[in-house]
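Worth saying up front: this structure is predicted, and the values here are computed from it rather than measured. When a residue number appears, it is its place in the shown sequence, counting from 1.
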Amino acid sequence: MNRNDDVELPADWDDDSDVGTERRRGRRAALIAFGLVVVLVIGVGIVVGSYLNGLRNSYEKRSVVDITRAEGERPEAEEGTGQNILLLGSDKRSEEAAAAEGVSGQRSDVMMLVHIADDGESVYITSFPRDLYVDIPGHGKDRINAALAFGGPSLAVTTVEDYTGVPIDHVALIDFEGIEGLVDTLGGVDVQVPMDFEADGIEYTAGTQSMDGHEALVFVRQRKQFADGDFQRNRNQQAVLKGIADKLISADTLTDPRRLADTIETVSPYLTTDEGLTAGEMTKLGLSLRSIRGDDLHFLSVPHGGPTTTSGGASVVATDEEAMDVLREALRTDDMGTYYAQYAGAY
């Protein structure tokens, strides 16, 4: 796939002016960044049977952002080292919902790096703690999720490239209504629940539980019920993502053009990608990954230290540079299989 270096991001992607405000964090909707599986299914769906033109047109209706990095601003890619897609979950609330929670505009809580192995046989999805304390170009050190608020997807991409040392090929964002609509279009998904708990009147039971769109959204918002808070919430997000992936890339979905059409029609209004991720590129990606199934998706967390407090009194998550260097090398050399075998579940 050609890399897209000559694009520019609109300035109105300032979606979280209250980043760092601890009293509001518990009320944020932690959205699932499931762009990879949407991208995969759309890519395959675009080339399925008599629905070709309809699926292509549905996908082309999605919103597009431009990502400009000046020459020399991004790491150089080596041949045969796979692709990297940055997934961002955003919450574009209705005016009524925003007013009720005392927030405004679009908000972001989820950031995942998807590494697609060069052989197309495996995909590695790595979550970033939203409070990870990193350098944000032009803004000093701050929580990693502040990058989206400070400079939109363009700055989020640059921040992740700087931190991981690998180039980002594409970026995908999905908003609040898209996840609920997608899960419901799929007829619900099966999710692994870590423990018994109750939230918003819904009972969650340890083990595999079938969830509709609303139940899935409530599930991924929760953190106070868990001893490790946001870290478990990241794992819950990944659990729902896996449930969506299993359903989306099942044989029943991929061989049913009508279901594909309904899925793409549902998601497209809420999906935003960079301008380089055209229907043609989606087709190439979908075909290259057509053998991928749920067991080929591997979930990880970025190495990190424990919770800490900055000199200004902000609660953040410390980095672990020594451990991060191991991940950087695995990403750079497309050796994530070895890394996953050694470090899965370590963070």
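Figure legend: R328 and Y163 shown as a cation-pi pair, the cationic atom lying under 6.0 angstrom from the six-membered ring centre and within 45 degrees of its axis.
Under the side-chain contact (heavy atoms from CB on, under 4.5 Å) rule, L132 has a single partner from V316, N145, D142, T319, which is T319.
Rounding to the nearest 0.5 angstrom, the gap separating the CG atom in D334 from the CG atom in D119 is 7.0 Å. Interatomic distance, CG of N84 versus CD1 of I116, reported as 8.5 Å (0.5 Å rounding). Of the inter-residue distances, the one linking D169 atom CG with H115 atom NE2 reads 10.0 Å to the nearest 0.5 angstrom. Within the model, atoms OG1 of T126 and CG of L327 stand 6.0 Å from one another, a figure rounded to the nearest 0.5 Å. Expressed to the nearest 0.5 Å, how far OH of Y340 lies from CZ of F299 amounts to 9.0 Å.
Between L186 and K247, the closest heavy-atom pair is O-NZ, 2.8 Å. Shortest non-hydrogen contact noted between V191 and A239 is CG1-CB, 3.9 Å. Closest approach of V220 to R233, counting heavy atoms only: O-CD, 3.0 Å. Contact record, L300 with A344: CD2-CA, 3.8 Å, taken as the closest heavy-atom pair. Between T159 and P137 the shortest heavy-atom distance is OG1-CD, 3.5 Å. Between L86 and M111 the shortest heavy-atom distance is CD1-CG, 3.7 Å.
Listed by chain and residue number, R235 satisfy the salt bridge (Lys or Arg N to Asp or Glu O under 4.0 Å) test with D228 (two or more places apart in sequence, or in another chain). Among residues two or more places apart in sequence or in another chain, the salt bridge (Lys or Arg N to Asp or Glu O under 4.0 Å) test is passed with E322 by none. Residues passing the side chain to side chain donor-acceptor pair (under 3.5 Å) test with S127 are Q238, sequence neighbours excluded. In this view, E329 and R332 satisfy the salt bridge (Lys or Arg N to Asp or Glu O under 4.0 Å) rule, not counting sequence neighbours. For D190, the salt bridge (Lys or Arg N to Asp or Glu O under 4.0 Å) test picks out no residue, with sequence neighbours left out.
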What do the steps show when you test D335 against T338 for side-chain hydrogen bond (donor to acceptor under 3.5 Å, both in side chains), and what is the final call?
-> CA-CA 6 Å; D335 192 24; T338 300; 2.9 Å; yes
Please test Y339 against Y124 for ring-ring contact (aromatic ring centres under 6.0 Å, His included), starting from the C-alpha separation and ending with a verdict.
-> CA-CA 10 Å; Y339 181 88; Y124 300 88; 9.0 Å; no
So H304 and F128, ring-ring contact (aromatic ring centres under 6.0 Å, His included) or not? Walk me through it.
-> CA-CA 9 Å; H304 57 78; F128 293 80; over 10 Å; no
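In this structure, the side chain of D320 does not engage the main chain of P303 through any donor-acceptor pair within 3.5 Å.
Note on residues 194-217: pairs passing side-chain hydrogen bond (donor to acceptor under 3.5 Å, both in side chains), not counting sequence neighbours, are Q192-T208.
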